[in-house]
Amino acid sequence: MLPQDTLALGTTRSVIRELFEYGKMRKAIVGDDKVYDFSLGNPSIPAPKAVDDAIKELIDNTDSVALHGYSSAQGDLGVRNAIAKHLNRLHNTSFSADNLYMTCGAAASLCISLRAILLRGEEVVVFAPFFPEYKVFVEGQGGKIRIVPPRADFQPDLDEFEKAIGENTKAVIINSPNNPSGVVYSEKTIKAIADILSKKSAELGREIYLIADEPYRELVYDADTPVPYVTKYYKNTLVCYSYSKSLSLPGERIGYIVVPDEMTDSKNVYASVCGAGRALGYVCAPTLFQKVIEKCVDCVSDVSAYKKNRDLIYNGLTELGYECVKPDGAFYIFVKTLEPDANAFCERAKAHDLLLVSGDGFFCPGYTRIAYCVSEKTIIDSMPAFKALAEEYNK
Ligand code: PLP
């Protein structure tokens, strides 16, 4: 007998992966440029040149045994020091290497953080729409998710949030810039979330943790869109970061968790994070990429191509009559479907070789996610297909 949860997860591919595989098959038939694949959040801009230079330099000049060997479980001191300095410079925080734990990307950061704090059956509050894997990660660590329904502007519904917090609430996950809506939470919103959590923690007489899932932190397109650093507003915050999107390194599996000193019982939470990494079998984050990040910690990607794509797709779709909130960040736009059944809409889109992900997967029916981390040409060429799709509904 096999565990039914893992068996079910392994036999039903995620909707996004399913669509991606369909796209590959379809491209082989009609040609790459005739399929408008907006399914995957795979970065379309290259990693900064400094990253490739650092890899070459490390391979040429570092002892190969050390370069490919195990690191300390929590990560090399060098990279943790470098990240702490970087964060302190940017956010006026006072982290040290002891507040950082290196991971294999945001997925690992989330699973380790959840494993470190959750007791079996405890609840984790999430705001719809949300990254589908949150449910998998929370349930995989023995927890349950509690969903706050979406608002039309995809900003958190604070009244519903307050109602969702109960006896069993142990944590809340926020994700700003957001996958799939692209919205960024303002300082006012973060403060309001922090106030509600402080009040509820006091009522419960114990901590409620805030997990800030931040793989898109650097992907914002307007100078007047700050992304507040959440530990400064709520002390019991774990930051789950990853270089997958910010430096276009999703295949290298590198990220980190921040456990701030201000957190209640911080040293034990950090120890539990180390224990969770161990229990989940991570051993250590990839050594080569820890060293690359140490060298490239202040590097930024040129995200102007994403901004251009954001403007092209937002303007193009709204001119055609589609309704959506203009995304401030990440590389997704969440569009209202032209019929209430988002799955049916996405099927009809497929007939135009438009590969769009149904909002149902993000726990937000009636919408579709478009990942615009594609070439500019794909967006321009896809517009007649979006037009034809809209006309079908307007007949
Ligand atoms: N969190 C969100 C919101 C994401 O969109 C993703 C990936 O798409 C992840 C976490 C996982 O990122 P990583 O590749 O760093 O594990």
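All values reported here derive from a predicted model rather than from experimental measurement. Atoms within a ligand are numbered from 1 in the order they appear, just like the ligands themselves.
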With side chain to side chain contact (heavy atoms under 4.5 Å, CB included) as the criterion, how do Lys144 and Val124 come out once you've worked through the C-alpha distance, each side chain's angles and the decisive distance to 0.1 Å? CA-CA 6 Å; Lys144 291 184 184 154; Val124 178; over 6 Å; no
Please list every donor-acceptor pair under 3.5 Å in which a side-chain atom of residues 248-257 meets a protein atom from a residue at least two apart or in another chain.
| residue | atom | partner | partner atom | Å |
| --- | --- | --- | --- | --- |
| Ser248 | OG | Ile45 | O | 2.8 |
| Arg253 | NH1 | Pro250 | O | 2.9 |
| Arg253 | NH2 | Cys104 | O | 3.3 |

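- In terms of the side-chain contact (heavy atoms from CB on, under 4.5 Å) criterion, residue partners of Asn99 (sequence neighbours excluded) are, by chain and number, Phe95, Ser96, Asp261.
- With Phe127 as reference, Phe161 is the one residue of Phe362, Tyr134, Phe154, Phe161 to meet the ring pair (Phe, Tyr, Trp, His ring centres under 6.0 Å) rule.
- Taking the centre and axis of the six-membered ring of Tyr22, the NZ or CZ atom of Lys350 falls inside the cone set by 45° and 6.0 Å.
- Partners of Leu317 by side-chain contact (heavy atoms from CB on, under 4.5 Å), not counting sequence neighbours, listed by chain and number: Ile313, Tyr322, Val335, Ile370, Met383, Phe386.
- Using a heavy-atom distance under 4.0 Å as the criterion, the protein contacts of ligand 1 are Gly105, Ala106, Ala107, Phe131, Tyr134, Asn175, Asn179, Asp213, Pro215, Tyr216, Ser242, Ser244, Lys245, Arg253.
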